[in-house]
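What follows is one structure encoded as C-alpha cells, with my remarks underneath.
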Amino acid sequence: MGSVAHQIKGILEDNMFMRKNYQRFATLTKREMEILRLVVIGRKRNHIAEQLNISLHTYDTHRKNIRTKLEAKSLADLMRYARAFGVMD
C-alpha cells in the first residue's frame with residue numbers, strides 16, 4: 001500500500017498546486033504559453049525565436065514575463081507549471 005499512498009499523495013499535491021496557482025497561470029498570453037511549451041520540451045533559445053519568427057530580444061522579453069507572472073525562479077518551476085496545467089500535451 002505504500003506505493004498507492006505515495007501516488008495519492010502526489011495527486012493531492014498536484015491538485016493543491018493547480019488550485020493555488022491557476023489564477024497566476026491564467027495570466028499567460030497565447031504566445032507566452034507557446035514559448036513555455038517549447039522551453040520545457042528542451043528547445044534552445046535561438047531555435048524558438050526562429051520557429052516563432054521573433055527576435056531573440058522578443059523571446060527574452062516573453063521568457064522574462066513568463067517567469068515574472070509565474071514567480072518561477074528555475075526551469076524546474078516552469079516544468080512544474082507545464083506539467084500541472086497540461087502545456088506539454
Side-chain angles (χ1 to χ4, degrees):
M1 280 308 253
S3 175
V4 173
H6 183 70
Q7 289 176 334
I8 291 171
K9 181 181 177 193
I11 291 168
L12 291 173
E13 287 173 356
D14 287 346
N15 183 279
M16 292 286 286
F17 178 82
M18 290 172 62
R19 291 165 61 134
K20 179 181 174 189
N21 295 293
Y22 174 76
Q23 293 293 357
R24 187 175 293 147
F25 183 77
T27 65
L28 295 181
T29 66
K30 183 178 177 182
R31 180 62 96 180
E32 289 167 346
M33 295 277 281
E34 199 171 11
I35 289 172
L36 176 61
R37 183 181 66 78
L38 293 169
V39 166
V40 299
I41 63 171
R43 293 291 194 276
K44 299 292 181 200
R45 173 180 179 258
N46 57 331
H47 291 135
I48 294 172
E50 185 178 314
Q51 180 178 342
L52 299 179
N53 200 27
I54 59 176
S55 72
L56 289 175
H57 177 72
T58 300
Y59 165 83
D60 291 339
T61 300
H62 282 304
R63 177 87 186 256
K64 181 178 135 273
N65 291 340
I66 292 166
R67 291 181 70 152
T68 300
K69 287 178 179 182
L70 299 181
E71 296 181 9
K73 294 179 179 28
S74 66
L75 178 58
D77 290 342
L78 294 177
M79 292 180 83
R80 182 159 191 205
Y81 274 95
R83 185 175 45 89
F85 291 101
V87 173
M88 297 186 291
D89 297 338

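Here, residue 1 is the first one in the sequence, and each next residue gets the next number. Please read these numbers as outputs of a predicted model, since none were measured by experiment.
Using a cut-off of 4.0 Å between Lys/Arg side-chain N and Asp/Glu carboxylate O, Glu34 and Arg37 are scored as not salt-bridged.
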| task | I would like to know whether Leu70 and Arg80 meet side chain to side chain contact (heavy atoms under 4.5 Å, CB included); could you show each step before the answer? | result | CA-CA 11 Å; Leu70 299 181; Arg80 182 159 191 205; over 6 Å; no

| task | Report the C-alpha separation of Leu38 and Leu52 in whole Å, then their side-chain angles, then the decisive distance to 0.1 Å, and conclude whether the side chain to side chain contact (heavy atoms under 4.5 Å, CB included) test is met. | result | CA-CA 10 Å; Leu38 293 169; Leu52 299 179; 4.1 Å; yes

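Considering only heavy atoms from C-beta on, Asn21 comes within 4.5 Å of Tyr81 through its side chain. For the pair Ile35 and Ile54, the minimum side-chain heavy-atom distance is below 4.5 Å. Counting heavy atoms from C-beta outward, Leu12 and Met16 have side chains that stay 4.5 Å or more apart.
Minimum heavy-atom separation, Leu36 to Ile66: N-CD1, 4.0 Å.
Within the structure, salt bridge (charged side-chain N to carboxylate O under 4.0 Å, His left out) pairs that include any residue of residues 46-58 do not occur (at least two apart or interchain). Pairs engaging residues 18-41 under the ring-ring contact (aromatic ring centres under 6.0 Å, His included) rule: Phe25-Phe85 [sequence neighbours left out]. The salt bridge (charged side-chain N to carboxylate O under 4.0 Å, His left out) analysis of residues 14-29, with sequence neighbours excluded, yields the pairs Asp14-Arg83, Arg24-Glu71.
Here Thr27 pairs with Lys69 under the side chain to side chain contact (heavy atoms under 4.5 Å, CB included) rule; sequence neighbours left out. In this structure Arg67 satisfies the salt bridge (charged side-chain N to carboxylate O under 4.0 Å, His left out) test with no other residue, sequence neighbours excluded. For Asn46, the side chain to side chain contact (heavy atoms under 4.5 Å, CB included) partners are Lys44, Leu56, not counting sequence neighbours.
Rounding to the nearest 0.5 Å gives a distance of 10.5 Å between CD of Glu13 and CD1 of Ile11. Taking OG1 of Thr58 as the reference point, atom CG of Asn53 lies at 10.5 Å (rounded to 0.5 Å). Separating the OG1 atom in Thr61 from the CZ atom in Arg31 is a distance of 13.0 Å, to the nearest 0.5 Å.
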